[in-house]
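In listed order, ligands and their atoms are each counted from 1.
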Amino acid sequence: MSENDKQGEIFRVAGPVVTATGINPRMYDVVFIGEEKLMGEVIQIVGEKSIIQVYEDTSGIRPGEPVIDTGKPLTAELGPGLLSSIYDGIQRPLQVLQEKMGDIIERGVNVPGLDHEKKWDFNPTAQAGDKVTPNSILGWVQESQNIKHHIMVPPGKSGTITDIKTGSFTIDETIATLDDGTQLMMHHKWPVRNPRPIRQKLAPDIPLITGQRVLDTFFPIAKGGTAAIPGGFGTGKTVTEHQLAKWSDADIVVYVGCGERGNEMADVLKEFPELEDPKSGAPLMDRTILIANTSNMPVAAREASVYTGITMAEYYRDMGYDIALMADSTSRWAEAMREISSRLEEMPGEEGYPAYLSSKLSEFYERAGRVTGLNEIEGSVSVIGAVSPQGGDFSEPVTQATLRIVKVFWALDTKLRERRHFPAVNWLNSYSLYTRTLDPWFSENVDKDWTQMVKWAMAVLQKEAELQEIVQLVGADALPDDQRVLLEVARMLREYFLQQNAFHDVDTFCSPARQENLLSCIKKFNDESMNLVSSGIPITDIMKMKSKDDMAKVKYEQEFEKELEKVMECMMGECELMRGKVEGAVESKPTVDKAKPKPAAAKPVAKEGDE
Ligand code: ADP
């Protein structure tokens, strides 16, 4: 306890909410409650009484026990050593705690988030005489195999460097001195509820490539964008998150496990450290921070875990990295808000959630963005929040509030899961509001006709959904040939393109170029088949094309491009053969049958494959 700390006492205890008297705190001051010094945060002040949400279990705490106000807000400790750590909601390193006290964390333990003894080799990039301001880069340390941790001037410090060192230092040792005598170290603290300042937000016009066809092609997320992914049990939420962590072109992953069941989080804690970073071959944890806050941990800490996570993400963004933050699940955080709100006897809103649910969620998502930092360096934080609507009902308040905030919605669907269509992203319910701002990137970097082709494919899938009703009534055979072709093309889009096996060595990741190749091959089949149909070729012949079925296997081939080329060649040959037969038959007829449509001139077709 420092001299500035004020001491009061507990007046009332209601679950995670404690009322104290005798302190005179500011909102969101951190306080320590009771003999055991449980950590909490002031969330309401009414006259003499301070209402505190406590981040640890309050059982056994009694009125009359002491309360200490630290006068400081909840902060995260930022510096080298964050990567590959596993923290609880208030940044206590779980691996360190486990070594100290086994599997059960005692209450009131206060362990720093970073290792203060470890020495890091500091390589300066700034030099004496340089003028620096907050976030200016002083140098770097190699934090993990592939990530350089740039050491920045802490907030509120500026001046001219008079001395900067090279060598091995702990995060508490001075690495540089400013002209006013300020000594700079390799770490600082940041109040987690405050977004870290930036110079400018940039347009969301670069995609976060995920290598997942349904996401990149149809519902892309921008770097610095926000997405929600509802995750009913077994719909593939965890697999999708792993895929994003492994394959997305983010440099760093922050995974916040917020209020999920202990065994689910245990899976993540067990699986993540075992995952290999496919890009570097190093453990994925080398560029990951896990924050674990399970459903049996005190509910108030869920909020802390979300803010702690996003603060760490912003910190690495300020160094110029692209971060993907995954929060799993924001619904559990909303439930914590509901519980605290009811303890505070606030007026409940829809389904008991507090009226500020929406503003809290948007405050969080608004911290996403691709930005230019104070140091003029560009970086991004993309936020992907899982939502767990009860029974998959998207009309419930948390899903609805989230939908109003995020720009991308990947709707996982129980029916698709039952059909074993993975990823079970429903292409009719999902959307991305970034499509328009990202189109120029795809046109420039993947293919100039990208936008039209994606629109065409989506139109086919929508038309298929419309035709389904008729098909169920009268059967597909009763449809005109062109619609039967459409149904077949839609099936190919679903099975060859949208379905993607996360567990297959090749199929697990599909580059945008391959996505484009595969899609244009399907479109080529569509265009050729439509031509054949209008030339009077029987649909049954078209359905027998070997190349069509060969296309199904291409996505599993290491030699994807070669195989696809073979399929294209085979397709052109087959089409030629069918056309030849018809022309032969027409020529051998003495007169032209007026009732039959003339063979249509070949329509302009999509460009030839993709060389
Ligand atoms: P949730 O986390 O939503 O409960 P999971 O992510 O554990 O669901 O997925 C459940 C199962 O669905 C997985 O074990 C796997 O068999 C299957 N699955 C989900 N997504 C895919 C995918 N992209 N590829 C292959 N299988 C998948």
Side-chain angles (χ1 to χ4, degrees), residues 208-221 227-248 253 255-276 278 284 290 292-295 324 326-333 384-394 396 398-399 402 408-427 429-430 493-511 514-515 518 552-557:
L208 180 77
I209 296 297
T210 67
Q212 312 304 302
R213 288 185 291 268
V214 61
L215 307 186
D216 291 343
T217 298
F218 290 107
F219 312 110
I221 176 172
I229 175 162
F233 179 73
T235 45
K237 179 174 55 113
T238 316
V239 175
T240 309
E241 270 159 4
H242 280 196
Q243 288 298 88
L244 292 173
K246 271 164 92 169
W247 294 110
S248 73
V253 175
Y255 183 95
V256 184
C258 172
E260 285 297 289
R261 282 192 298 274
N263 55 351
E264 285 180 20
M265 197 62 219
D267 284 348
V268 174
L269 293 185
K270 195 175 148 295
E271 280 168 32
F272 259 78
E274 286 169 6
L275 294 179
E276 189 181 275
L284 190 63
L290 286 182
N293 192 253
T294 52
S295 54
M326 283 169 254
D328 180 14
S329 135
T330 54
S331 298
R332 304 281 165 262
W333 170 29
I384 297 138
V387 190
S388 336
Q390 280 271 330
D393 170 17
F394 293 168
E396 59 88 41
V398 184
T399 313
T402 309
V408 179
F409 190 60
W410 295 322
L412 292 182
D413 192 315
T414 320
K415 287 212 183 87
L416 289 175
R417 182 204 66 187
E418 281 161 7
R419 278 164 29 197
R420 298 209 58 77
H421 174 114
F422 290 117
V425 175
N426 183 314
W427 52 92
N429 295 355
S430 303
L493 285 171
R494 282 189 284 106
E495 293 179 10
Y496 305 173
F497 191 82
L498 291 177
Q499 289 187 9
Q500 188 169 357
N501 186 351
F503 304 107
H504 188 279
D505 283 351
V506 176
D507 199 28
T508 183
F509 175 84
C510 189
S511 67
R514 286 188 171 185
Q515 299 185 26
L518 187 53
K553 296 177 225 134
V554 174
K555 62 182 175 182
Y556 302 117
E557 300 290 344

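Crowding of Asp393 atom CG: a count of heavy atoms from other residues, nucleotides or ligands under 6.0 Å exceeding 12. Crowding of Gln390 atom CD: a count of heavy atoms from other residues, nucleotides or ligands under 6.0 Å not exceeding 12.
Proximity annotation for atom 2 (O) of ligand 1: of Thr238, Asp328, Val425, Thr238 comes nearest, heavy atoms only. Counting heavy atoms only, Gly234 comes closest to atom 10 (C) of ligand 1 of the residues Ala502, Ala386, Gly234.
Within the 3.5 Å criterion, the main-chain N or O of Val387 finds no donor-acceptor partner in the side chain of Ser331. No donor-acceptor distance shorter than 3.5 angstrom exists from the side chain of Asp328 to the backbone of Ala386, with no hydrogens or angles considered. In this structure a side-chain-to-backbone donor-acceptor pair under 3.5 Å is present from Arg213 to Phe497. Proximity of a side-chain donor or acceptor of Gln500 to a complementary backbone N or O of Gly211 within less than 3.5 Å is detected.
The closest side-chain donor-acceptor pair between Gln243 and Thr210, if any, does not fall under 3.5 angstrom.
Close approach to Arg420 involves these atoms of ligand 1, each under 4.0 Å from a residue heavy atom: 16 (O). Close approach of ligand 1 to Gln500 is summarised as follows: ligand atoms under 4.0 Å from at least one heavy atom of the residue are 22 (C), 23 (N), 24 (N). Near Asn501, meaning under 4.0 Å from any of its heavy atoms, are these atoms of ligand 1: 24 (N), 25 (C). Taking every non-hydrogen atom of Phe503 and a distance limit under 4.0 Å, the qualifying atoms of ligand 1 come out as 15 (C), 25 (C), 26 (N), 27 (C).
Between Tyr556 and His504, the ring-plane angle classifies as tilted under the 30° and 60° cut-offs.
For ligand 1, the polar-atom distance check against Gly236 finds a nitrogen or oxygen pair separated by under 3.5 Å. Below 3.5 Å of separation, one finds an N or O of Lys237 facing an N or O of ligand 1. Residue contacts with ligand 1: Val239 is placed with a nitrogen or oxygen under 3.5 Å of a nitrogen or oxygen of the ligand (distance criterion only).
Counting heavy atoms closer than 4.0 Å to ligand 1, residue Glu241 contributes nothing at all.
For the ligand labelled ligand 1, residue Gln243 lies outside the 4.0 Å heavy-atom shell.
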